[in-house]
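All remarks here apply to the structure that follows.
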Number of protein chains: 2
Amino acid sequence: MKPVPAPPKPPAQDRALESMRSQGLRLTSQRRVVVEMAFGTKEHFTAEALLARSRRRDAKVSRATVYRTLAFLVKAGLIRQIGLGQQSPQYDPNFADAPRHGHFVCVDCQKVVEFYDACLEVRESIVTKDHGFSPKRISLQIEATCDTLREKGACPHRNP
Amino acid sequence: MKPVPAPPKPPAQDRALESMRSQGLRLTSQRRVVVEMAFGTKEHFTAEALLARSRRRDAKVSRATVYRTLAFLVKAGLIRQIGLGQQSPQYDPNFADAPRHGHFVCVDCQKVVEFYDACLEVRESIVTKDHGFSPKRISLQIEATCDTLREKGACPHRNP
DNA sequence: GTACCTGCAAATGTTTTGCAGTACG
DNA sequence: CGTACTGCAAAACATTTGCAGGTAC
């Protein structure tokens, strides 16, 4: 019997629009632009950066609309606000597809690297239950130094 | 043989003052008040709350001094800024004595419960090394629902 | 005595909000 | 067509900073 491939998950972007529609929100052109720009990258971004990117597509997108749309996406669980010890909060669009990853923050070069570990997830779940809770959303951030930088003097995580 | 009790670790408050002195900072009366108020509770607090509490001790402590002192304590690793998904950042004075604990945030009542798990710590360290990093500071926050609330209709974590 | 510190107030930066006009459904 | 949405600008906050005067050491 031929194995049936799992149907591809709709891109986060489509799920966001669907989520908005199902909540009765109108799919305005501005909201489409903001959603497209939010999920059009795997990188983390700030609210201001998302505004700038959205305005390159449509110069009239307002700051207010970006903040309002971002707030909805966060509440819907499609984007997560992460506090990486930096100045203003960053938003991570990858949680829609990989809701359980954590972040390394390289204290040498400030680069953020995402990771996932099944053992951690299992243990996190056990510990949570042991304390009488049911886990809903886990945020794990590890500030660390880069071994390669220390040994070779160059950090492999820094962008080109 | 009589067991020898481990010498008590100096309270976080004393370590903070010592840390400031060793860095060449002057121990002004304002800084003493802010440090005392910061470590005088096990609860998390905001910068504004620390200002209010400090002013109850000395009405003339300025906002600027509170922010400046808080920034030093965070950089020194004695207090940690935690992003608990709330409005403004919270500060946790318990990291000086227990630098590796995590936080449950009850999504039902917003109460924050601290926890520690040795297995998690070991696994976190392994995963970090596997990715070529050496861990320096770990921040684990788990948003969860409270089982007792769901079963009994009352949340045991809510304050009296 | 002299840096370093403080309080004040103004500057900065971010997010929210009120409102009149616009457009989705 | 009505109601939700948008852009704008002002408001609301949170945090930082410049500076004149004060104080620890």
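Given the structure is predicted, the values throughout are model-derived calculations rather than measurements. Lettering follows sequence order; numbering is per chain, from 1.
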Between [atom2] on [N] and [atom1] on [X], what's the gap in Å once rounded to a whole number?
| X | N | atom1 | atom2 | result |
| --- | --- | --- | --- | --- |
| B:Gln23 | D:dC25 | CD | C1' | 18 Å |
| A:Gln90 | C:dT14 | CD | P | 11 Å |
| B:Arg31 | D:dT23 | CZ | P | 15 Å |
| A:Lys60 | D:dA9 | NZ | P | 11 Å |
| A:Leu51 | C:dG13 | CG | P | 16 Å |

Verify the neighbour count for atom NZ of B:Lys60: are there more than 12 heavy atoms of other residues, nucleotides or ligands below 6.0 Å?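 No - once you tally the heavy atoms of other residues, nucleotides and ligands closer than 6.0 Å, there are 12 at most.
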Every protein N/O lying under 3.5 Å from an N/O of nucleotides 10-21 of chain D:
from   : atom 1 : to      : atom 2 : distance (Å)
D:dT15 : OP2    : B:Tyr67 : OH     : 2.5

Ring-ring centroid check B:Tyr91 B:His44, cutoff 6.0 Å: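 They do not qualify: ring centres at least 6.0 Å apart.
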Ring centers of B:His101, B:Phe95 separated by less than 6.0 Å: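 Yes, the ring centres sit under 6.0 Å apart.
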About how many Å separate OG of A:Ser139 and CD of B:Gln141, when rounded to the nearest 0.5 Å?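 It is 5.0 Å, given to the nearest 0.5 Å.
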Atom pair OH (A:Tyr116) and CG (A:Leu140), whose distance is rounded to the nearest 0.5 Å: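 It comes to 12.0 Å.
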Note: A:Glu18-A:Arg21 ion pair, threshold 4.0 Å (strictly below):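 Salt bridge flag = yes for A:Arg21 with A:Glu18.
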Hey, is B:Lys152 close enough to B:Asp147 for a salt bridge, meaning N to O under 4.0 Å?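 Here B:Lys152 does not pair with B:Asp147 in a salt bridge, since their nearest N and O are not under 4.0 Å apart.
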Note, A:Leu70 side chain near A:Phe45 side chain (heavy atom, < 4.5 Å):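 Yes. Closest side-chain heavy atoms under 4.5 Å.
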Nearest to the B:Thr65 side chain among C:dT6, D:dC8, D:dG7, which nucleotide is it?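 Among C:dT6, D:dC8, D:dG7, the one nearest the side chain of B:Thr65 is C:dT6.
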Enumerate all atom pairs, one protein N or O and one N or O from nucleotides 22-25 of chain C, separated by less than 3.5 Å.
from   : atom 1 : to      : atom 2 : distance (Å)
C:dC24 : O2     : A:Arg26 : NH1    : 3.1
C:dG25 : OP1    : A:Leu27 : N      : 2.8

